[in-house]
Novice: 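Here it is: the structure, laid out below.
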Amino acid sequence: MPETPQPDPRRWTALIFIAIAQLMVVLDSTVVNIALPSAQQDLGISDGNKQWVITAYTLAFGGLLLFGGRVSDLWGRKNTFIVGLLGFAVASAIGGAAVNTAMLLGARTLQGVFGALLAPAALSLLAVTFTDAKERAKAFGIYGAIAGAGAAVGLILGGVLTQFLNWRWALFVNILFAIAAVIGAVLVIREPAQGRNRNRVDIPGVILASAGLVSLVYGFSRAESDGWTSGMTLGLFAASVVLLATFALVESRVSAPLLPLRVVTERNRGGVYLSLGLAVIGMFGLFLFLTYYLQQVMGYSALKSGFAFLPMVGGMVVGSTQIGTRLMLRVRPRLLMAPGFLVAALGMLVLAQIKVDSSYAAVLLPGLVLMGLGMGTAFMPAMSLATHGVRPEDAGVASAMVNTSQQVGGSIGTALLNTLATSATATWVSSHITSKADLKNQLFLNQSAVHGYSVAIYWATGILALSALLAFVLIDAGVQGGHQQVDGEKSAEDLAIPVIAH
């Protein structure tokens, strides 16, 4: 039996640079949102095209994640990580220097392409670098905090950069992150030699998965703007179902699939992907509504509204690094994930009580802290369990599935909850309006908008509660410590790679 490889002595330094890269990818989903109004005015972007500044990134990122994970398994995680960083930096530079709409949209698409390479490589590097149970708990605690809090950090950073510099720095800042991470990757990140998947790329799988995911994400984007029953929306959803069903059929029959079905059919990983995706639906919806509420109703500046999310970020860090990390080696993952999602749901329930004249300290602060603590506690074991027990050659696509569930969840959350809020607002207006003068009364308009936000947040509360239920029912893994077999017949010792046990 081959000896178990010794841990990399520079693994904790490597974690810093992996975390920097992950933060860059996650915050990019929201940092541009704050800067978008300024960019629209500067470049003369039409109202019809402004959504594409966001959608171009999410479509490329969400559609190519599985392919990015497979490339990571083929090229090597470190190589893919560095290529992803360099490409992301170049795309960010082009976007920051954009002189017209087409140049900005092209840059955002390129960011999505290289982000789809980078995100799975970062998570799979973490999975193969930290193999000791206690160290893995700490490392994934840090990573989980970043993955959960990064979007909120993006709101803060976007506000700071837009207010004190200009919107272009919301893109240029990525260059600094990328350079630091590339230097660190070259100098200190060392990938274990085992675990490359050198089989030929499953081209039909790549085409079907990418087209299916793009159709799904774009379908939710069009649902938000065109309505759920429009021909385009229904057509995109139908195409997505057909493409993804065909993809599953192809993957079950080819010898070297893009996504081996064992990765998603394993009970615990499947439970993580599903419950995490649902939880992200609620969380991204919250970001959307609270940003509007703080700026349009409370009158906060972009900078102040960004900092208003700090208690949630702090709660995520504490929940992930202190609660999740300390308990992961003592209790089953579902006993962290399910209560974590329930605490987040409780925070969401508090936030649903917002009124036009609500006090930040009385309503928003406790709600955000509970949201952060709950999501941080749940994210940490979820991230670890998602790559737990997976074959080394599948680490990239398993990591990609984590990002895919989050990306699809974010797209669904934005479209679904915004539709619910808009409908609730319209219903409130029709039942409370007394004259046309009401439609020019700012208090009346604020009351109608806040009612819509509150209804949508109640729905998000229910979605988080469902996420907790699914995590408790579907996930049956034991305490994550010791060693056990990976997927299939080969043991960790056979592969000379230690694997965290069920």
Side-chain angles (χ1 to χ4, degrees), residues 65-66 69 123 127 136-137 140 144 147-148 213 216 241 244-245 247-248 251-252 259-284 319-320 323-324 327-346 348 374-391 394-395 397-410 412-413 416 459-481 484-488 499-502:
L65 271 167
L66 287 177
L123 182 56
R136 184 180 174 94
F140 273 89
L213 289 172
L216 182 63
V241 169
L244 293 177
F247 169 70
E251 298 306 275
S252 68
L259 175 64
L261 296 184
R262 59 179 175 267
V263 171
V264 292
T265 55
E266 198 276 325
R267 176 172 179 164
N268 293 293
R269 281 194 295 276
V272 167
Y273 299 146
L274 184 57
S275 61
L276 193 60
L278 280 172
V280 170
I281 290 176
M283 190 170 74
F284 266 72
S320 187
I323 301 173
L327 294 181
M328 192 175 101
L329 300 179
R330 296 183 175 89
V331 301
R332 292 170 175 263
R334 71 175 181 178
L335 299 182
L336 286 173
M337 290 180 64
F341 289 140
L342 282 178
V343 170
L346 179 61
M348 196 78 82
M375 294 299 279
T377 300
F379 262 60
M380 186 267 167
M383 292 292 179
S384 178
L385 196 59
T387 53
H388 152 77
V390 72
R391 294 183 184 183
D394 294 340
V397 291
S399 301
M401 276 301 300
V402 179
N403 290 282
T404 300
S405 65
Q406 290 178 292
Q407 185 64 31
V408 172
I412 295 173
L416 175 61
W459 276 95
T461 302
I463 292 171
L464 273 171
L466 176 60
S467 181
L469 177 63
L470 290 175
F472 187 79
V473 171
L474 295 179
I475 296 171
D476 65 353
V479 176
Q480 295 191 58
Q484 195 172 323
Q485 287 185 326
V486 296
D487 291 342
V499 177
I500 302 303
H502 274 292

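Values reported hereafter were calculated over all heavy atoms of this structure, with side chains retained and with hydrogens, waters and symmetry mates removed.
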Novice: Identify the heavy atoms of Ile475 and Met337 that sit nearest to each other, and give their distance.
Specialist: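 Heavy atoms only, the tightest pair is CD1-SD, 3.6 Å.
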Novice: What pairs with Arg330 under salt bridge (Lys or Arg N to Asp or Glu O under 4.0 Å), at least two apart in sequence or on another chain?
Specialist: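 Not a single residue meets the salt bridge (Lys or Arg N to Asp or Glu O under 4.0 Å) criterion with Arg330.
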Novice: Short question: side chain of Asn268, backbone of Asp476 - any donor-acceptor pair under 3.5 Å?
Specialist: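 Side chain of Asn268 to backbone of Asp476, a donor-acceptor pair under 3.5 Å: yes, one is there.
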Novice: So, for Leu244 and Leu213, which heavy atoms are closest and what is the spacing to 0.1 Å?
Specialist: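 Shortest heavy-atom contact: CD2-N, 4.2 Å.
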Novice: If every non-hydrogen atom of Thr461 is compared with every non-hydrogen atom of Ala345, which pair is closest and at what distance?
Specialist: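 Nearest heavy atoms, Thr461 then Ala345: CG2-O, 3.4 Å.
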Novice: Donor-acceptor pair, Ser467 side chain versus Ser275 backbone, under 3.5 Å?
Specialist: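 Checked: pair present.
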Novice: Output the distance between atom CZ (Phe341) and atom CG (Leu466), rounded to the nearest 0.5 Å.
Specialist: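 Spacing of CZ (Phe341) from CG (Leu466) equals 11.0 Å.
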Novice: If you measure from CG on Leu342 to CG on Leu469, what distance do you get to the nearest 0.5 Å?
Specialist: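 CG of Leu469 is found 9.0 Å from CG of Leu342.
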Novice: Give the minimum heavy-atom separation between Pro333 and Leu385, together with the two atoms involved.
Specialist: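 Of all heavy-atom pairs spanning Pro333 and Leu385, the closest is CB-CD2, 4.0 Å.
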Novice: Quick check: does any side chain N or O of Arg267 sit under 3.5 Å from a backbone N or O of Leu474, one acting as donor and the other as acceptor?
Specialist: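 Here the side-chain-to-backbone pair exists.
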Novice: Please give me the minimum heavy-atom distance between Leu464 and Met348, naming the atom from each residue.
Specialist: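 Closest heavy-atom pair between Leu464 and Met348: CD1-CE, 3.6 Å.
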